[in-house]
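Below you'll find the structure, written out as structure tokens, and then a few comments.
This one's a predicted model, so the numbers in the text were calculated from it and none came from an experiment.
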Protein chains: 2
Amino acid sequence: MKHTLKDVAEKAGVSLTTVSRVINKRGYFSKATEARIFAAMKELNYYPNSVARSLSGKKTKLIGVILTNTHNPFNAELLEKIETELFNREYKTIIANSLDNPQKERSYISLLQSNQVDGLITASHNTIINDYHQLTLPVVSFDRYFGSHIPTVSSDNFLGGQTAAKVLLEGGARRLLLFSGEISDTNPTSDRMNGFMDICLKRKIVPEIQGVPSDATSNFRKMLIHQAITQHHPDGIMCTDDATALLVMRELKQLNLRIPSDVQVVGYDGSDFILQTFPELSTIVQPLDDLAKTMVNLLLNKIDQPDVLQERQYIFPITFHRGTTTKFIDTE
Amino acid sequence: MKHTLKDVAEKAGVSLTTVSRVINKRGYFSKATEARIFAAMKELNYYPNSVARSLSGKKTKLIGVILTNTHNPFNAELLEKIETELFNREYKTIIANSLDNPQKERSYISLLQSNQVDGLITASHNTIINDYHQLTLPVVSFDRYFGSHIPTVSSDNFLGGQTAAKVLLEGGARRLLLFSGEISDTNPTSDRMNGFMDICLKRKIVPEIQGVPSDATSNFRKMLIHQAITQHHPDGIMCTDDATALLVMRELKQLNLRIPSDVQVVGYDGSDFILQTFPELSTIVQPLDDLAKTMVNLLLNKIDQPDVLQERQYIFPITFHRGTTTKFIDTE
DNA sequence: TTTTTTGTGACGTACGCTTGACATAAAAAA
DNA sequence: TTTTTTATGTCAAGCGTACGTCACAAAAAA
């Protein structure tokens with residue numbers, strides 16, 4: 001049923017080596033035999049066994065992509081772009097959702113190593129840095145610091161946080177509330193918070209901060225949001241991701257608070273999906289294309305030329321999408 | 001740098017065979033040597049090379065999942081659930097987005113075969129049925145008919161279409177408009193349209209139908225939607241997916257048409273994301289969990305027991321999520 | 001004590017393909 | 001004509017693991 005090189009060789013009436021030469025475009029062979037071999041391959045519906053190929057010293061052309069989840073539109077789009085880019089470079093993508101479960105992520109790291117993936121892209125947010133340090137294979141991370149030998153790609157989170165704060169303040173907000181997905185130091189995402197705080201402090205404003213764990217149930221998150229809003233009565237809210245911003249907007253509506261007149265809202269991420277279906281949401285837009293392409297480029301470069309040193313950080317500028325959830329007061 | 005069975009054997013002071021026995025839990029070995037071997041594995045940071053394993057044995061424990069894209073929330077969640085389920089069964093997921101490009105999908109099929117995936121789950125919508133027929137490996141499809149040896153898993157699209165039509169009619173709509181992602185016969189998704197038409201014809205209503213190609217640019221799709229609405233002046237709209245429904249709602253707002261008083265809208269899919277962030281959208285909800293689990297179960301069963309015959313179709317009931325984009329007139 | 005079960009080793013083959021070394025012959029270039 | 005290039009073949013080693021066959025002890029059961 002399944003055919004091998006040998007079958008093709010026999011069918012085409014040539015030697016095994018010749019077939020291998022043709023397939024790998026190595027050494028000399030004539031157009032004529034090449035045609036005969038291709039014909040035989042087609043006739044037998046032969047396709048090379050890349051498992052065997054990988055075993056005899058070659059690459060697997062497999063890349064592991066570790067995300068927290070796929071259901072967040074930003075992650076979904078990031079994955080799609082990474083996959084597309086990898087496909088164009090003839091690599092295949094193994095997807096690994098950590099679901100914020102360190103155990104699962106750890107298992108996946110082992111699995112992926114076992115499978116001899118050529119490299120790893122990780123955009124997960126778990127506290128298992130050490131596991132990554134153990135790795136000898138090329139890794140590129142998104143929005144997370146791992147250490148010197150693992151380059152980090154991210155958008156300018158600090159500037160993003162600053163921008164969000166400025167927008168809210170310029171719109172007249174004074175009682176600020178920040179919903180942050182997670183609060184940890186090793187994480188560039190926390191720079192969103194830092195940037196936000198930076199502007200606040202300069203304006204002598206002390207914002208409230210509420211963590212909203214992304215792995216919690218949606219009801220629990222809603223409850224946290226509800227409580228924070230009713231307790232602090234903010235007139236300006238930043239969310240460190242758009243999904244949370246949508247929940248916040250929903251909650252505000254239920255509380256009969258009007259956006260932006262009573263409360264302004266700024267999100268973060270700016271995935272295409274959100275921009276198209278929620279253009280009214282003001283949000284900090286990450287350059288998804290650049291991020292995905294850069295990660296793939298960095299990773300494949302590292303794979304092809306392991307010795308070339310790379311920068312530690314690649315920070316891309318963000319843009320602000322002005323929707324109608326913030327006020328725009330032209331001060332000039 | 002990279003260690004093999006042999007290194008572990010030497011480190012543990014046992015034979016290669018014994019290590020293999022322990023790793024595969026085959027034949028006899030004592031607790032003591034097992035411990036020594038595990039210790040050696042840990043010390044060397046050894047992990048079995050599953051490429052070699054696959055070559056020697058048979059299975060790769062890899063499953064290819066072919067989708068049209070990842071950015072649609074429904075697809076994203078389906079993928080996440082499939083991946084989670086596969087992981088629980090110790091399988092890995094290679095993701096392949098066709099992006100509605102037959103060429104790309106074809107390439108991927110070859111690629112995945114080359115990589116000796118143990119099976120395929122396909123939820124893409126391209127016209128390359130023949131390529132799938134060539135395949136000898138187990139395949140399960142979502143929402144698409146391929147033929148007798150490939151089981152199809154889907155929600156009850158016909159009933160879904162019927163339900164949508166009924167809801168709109170019960171809400172008082174008479175000028176119906178249907179936005180369909182794609183119009184083709186071989187596709188169970190077209191049953192959504194058929195179910196819709198079925199009810200319409202019974203009520204002697206002739207709805208307008210407008211295709212909205214999912215691979216078109218978002219602006220083009222908006223334009224189509226805009227034209228169809230201004231041309232037909234519908235008071236009830238069904239969309240065969242929620243993403244389109246959101247675009248439609250947006251367009252209606254811009255046209256200053258009120259929902260549901262001027263126009264009612266029903267969507268289809270009911271992904272968690274939409275249900276949480278757009279609960280106001282009335283939509284037909286597919287049982288994502290059941291669908292994902294069934295597909296994985298069917299596929300893995302087929303892999304484990306190739307000879308057991310399977311049903312051709314697995315159709316799951318849908319539910320209706322009543323939001324505020326439809327009117328509810330209690331007729332009793 | 002004898003038999004059976006358990007624990008370990010040695011060795012070899014197989015998986016499908018890559019790659020290198022070496023040989024040979026024809027075609028093309030010098 | 002001689003040399004070089006092109007086109008193929010044969011042979012063999014190797015990638016890391018699985019697994020079967022033999023063989024030999026030691027421990028446990030009869």
Over how many whole Å does the gap from Y46(B) atom OH to dT17(D) atom P extend?
4 Å
If the condition is ring pair (Phe, Tyr, Trp, His ring centres under 6.0 Å), which residues does Y47(A) pass it with, not counting sequence neighbours?
none
List the residues meeting salt bridge (charged side-chain N to carboxylate O under 4.0 Å, His left out) with K11(B), not counting sequence neighbours, and say none if there are none.
E43(B)
Quick one: which residue pairs count as a side chain to side chain donor-acceptor pair (under 3.5 Å) with a foot in residues 69-93 of chain B, not counting sequence neighbours?
H71(A)-E80(B), E80(A)-H71(B), K104(A)-E83(B), Y108(A)-E83(B), N115(A)-K92(B), T68(B)-N75(B), N69(B)-N75(B), T70(B)-N97(B), K81(B)-D272(B), R89(B)-N297(B)
Who pairs with A52(B) by side-chain contact (heavy atoms from CB on, under 4.5 Å), at least two apart in sequence or on another chain?
L55(A), N49(B)
Counted 5' to 3', the first and last nucleotides of DNA chain C within 4.0 Å (strictly under) of a heavy-atom of chain B are dT6(C) to dG16(C)
Between atom CG in N49(B) and atom C1' in dG16(D), what is the gap in whole Å?
6 Å
Could you work out, with side-chain contact (heavy atoms from CB on, under 4.5 Å) as the rule, every residue matching R106(A), not counting sequence neighbours?
Q103(A), I128(A), D131(A)
Could you check how far CG of L5(B) sits from C1' of dC15(D), rounded to whole Å?
13 Å
Considering only nitrogen or oxygen atoms on both sides, find all protein atoms under 3.5 Å from nucleotides 7-14 of chain D and state each distance.
| residue | atom | partner | partner atom | Å |
| --- | --- | --- | --- | --- |
| dA7(D) | OP2 | F29(A) | O | 3.4 |
| dT8(D) | OP1 | S30(A) | OG | 3.0 |
| dT8(D) | OP1 | T33(A) | OG1 | 3.3 |
| dT8(D) | OP2 | S30(A) | N | 2.3 |
| dT8(D) | OP2 | S30(A) | OG | 2.9 |
| dT8(D) | OP2 | T33(A) | OG1 | 2.6 |
| dG9(D) | OP1 | S15(A) | N | 3.1 |
| dG9(D) | OP2 | S15(A) | N | 2.7 |
| dG9(D) | OP2 | S15(A) | OG | 3.0 |
| dG9(D) | OP2 | T18(A) | OG1 | 2.2 |
| dG9(D) | O6 | R21(A) | NH2 | 3.1 |
| dC11(D) | N4 | T17(A) | OG1 | 3.3 |

Apply side-chain contact (heavy atoms from CB on, under 4.5 Å) to S214(B) and list each qualifying residue two or more places apart in sequence or on a separate chain.
D100(B)
Residue K293(A) excluded, over 12 heavy atoms near NZ under 6.0 Å:
no
Could you tell me which residues satisfy side-chain contact (heavy atoms from CB on, under 4.5 Å) with S56(A), sequence neighbours excluded, listed by chain and number?
none
